[in-house]
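These notes concern the structure reproduced below.
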Number of protein chains: 2
Amino acid sequence: MAGNIEAICRELGLRLTGPRRTIMQVLSDSSDHPDAIELHRRVTAIEPTISLATVYRTVNLLREKGVLERHNFGNGRARYETAASEHHDHLINVETGDVLEFHSEEIERLQEEIARAHGFDIVSHKLEIYVRPRKRPRGAGQS
Amino acid sequence: MAGNIEAICRELGLRLTGPRRTIMQVLSDSSDHPDAIELHRRVTAIEPTISLATVYRTVNLLREKGVLERHNFGNGRARYETAASEHHDHLINVETGDVLEFHSEEIERLQEEIARAHGFDIVSHKLEIYVRPRKRPRGAGQS
DNA sequence: GCCAAGTTGCGTCGCAGTTGCAAAAAGTCG
DNA sequence: CGACTTTTTGCAACTGCGACGCAACTTGGC
């Protein structure tokens, strides 16, 4: 991914600066969905002078360019991930905050159908399933 | 619904105050999905002395008690609706901000399947389809 | 190396929502 | 009904995330 950084900057007419290099490096090294502060933490671990404002600006820039996606999983802080080539939705573990990705062609199709039935075109959509590890693999009644 | 207000307060151990009566009245009269400020606007049209803080506090209270649901459709302001007996998802018209509700048993089932396949139980979920009115009813290809 | 343009860090601002506090209202009991 | 306790309210100050203006500083082209 590192090789991409220069290409992306050139392509987007952005200057290849130290902070950007670091931030993009951290982003492509992150397989989870960090928020801006966590991103800043990771970035400053490498290059301590980079400010939070720059993280915000870079992240917005990359999002506008379609390089990043921003999600809001409900704790008030936006979380980021590098835009995948293929669309996916999210399973959020409410106990740990971890996020798993999934994709269901069937659900996509059903959404398409629903939108159409109402006379709309889909601009985007968001499916988040908030889950917790299942305690009782099978049987065993509960409250 | 008006009759509910007293019942709800009693049941929840809340005092039946003027502001609460007005706010709950407005809520049950609202079939759209107003945000806190719009709610406050409507409330103060009836009783001008009620403060925004009280609207927030009441709305949070009712949400904790399961009377209201809060959504975040992406403009930074949370929007509220009275909790329906039946779960539903949302179609958001990005041009107007209007919200339509829908329900798909099939999608629900598929989500259940997906969660289970990953070893989770669903706590809740959120499906939002952001749409715009379709300009070209049929035919007329475009890139 | 020099210069114009883009970028950064800092501090500040804005907005949505929350909270501490003192005053006011609700419910309770005699 | 009136005194008393507890909950609510309005106000204003505050919080947290994120955005922004500005002066100083890099970047990349010549």
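Source: prediction; values computed, not measured. Within every chain, numbering begins at 1; the chains are lettered A, B, ... in the order of the sequence lines, protein sequences first and strands thereafter.
When distances are taken from the side chain of B:Ala53 to each of C:dG9, C:dT19, D:dC17, the shortest belongs to C:dT19. Closest contact between the side chain of B:Ala36 and the listed nucleotides C:dT7, D:dT9, C:dG17 involves C:dG17.
Atom CZ of B:Phe73 is separated from atom C1' of C:dA16 by 17 Å (rounded to the nearest Å). Between the CG atom of A:Leu14 and the P atom of D:dG28 there is a distance of 11 Å, rounded to whole Å. We find that CE of A:Met24 is positioned 12 Å from P of C:dT7, with the value rounded to whole Å. In this entry the distance linking CD1 of A:Ile50 with P of C:dC10 reads 11 Å, nearest Å. Here the P atom of nucleotide C:dT7 and the CG atom of A:Leu16 are 11 Å apart, to the nearest Å. Going from atom CD1 of B:Ile23 over to atom P of D:dT8 covers 12 Å, rounded to whole Å. The distance between atom CD1 of A:Ile37 and atom P of D:dA19, rounded to the nearest whole Å, is 12 Å. Atom CG of B:Asn75 and atom C1' of C:dG17 are 16 Å apart (whole Å).
Note: B:Phe73 and B:His71 have parallel aromatic rings, judged against thresholds of 30 and 60 degrees for the angle between ring planes.
Regarding contacts with the backbone of C:dT18, every side-chain N or O of B:Tyr56 stays at 4.0 angstrom or more from both OP1 and OP2. Close to C:dG9, at under 4.0 Å from its OP1 or OP2, lies a side-chain N or O of A:Thr54. Within the 4.0 Å cut-off from OP1 or OP2 of D:dT9, not a single side-chain nitrogen or oxygen of B:Thr49 is found. Within the structure, a side-chain polar atom (N or O) of A:Arg20 is placed less than 4.0 Å from OP1 or OP2 of C:dT8.
The residue among A:Gly76 and A:Gly18 whose nearest nucleotide of DNA chain D lies closer to the 5′ end is A:Gly76.
Contact annotation for A:Leu52: no contact, since no heavy-atom pair falls under 4.0 Å across all strands. Within the 4.0 angstrom heavy-atom criterion, base atoms lie near A:Arg57. Among the atoms of the strands shown, only primed sugar atoms or phosphate atoms (P, OP1, OP2) are found under 4.0 Å from some heavy atom of A:Asn60.
The base of C:dA5 sits with one of its N or O atoms less than 3.5 Å from a complementary donor or acceptor on the side chain of A:Arg15.
Distance alone, capped at 3.5 Å, places no donor-acceptor pair between the B:Thr54 side chain and the B:Ile50 backbone.
Here the CD1-NE2 distance, from B:Ile129 to A:His118, works out to 8.5 Å after rounding to the nearest 0.5 Å.
Salt-bridge annotation for A:Glu112 and A:Arg109: absent, with no side-chain N of the basic residue lying under 4.0 Å from a carboxylate O of the acidic one.
Between A:His88 and A:Glu81, the side chains place a donor N or O and an acceptor N or O closer than 3.5 Å (distance only, hydrogens not considered).
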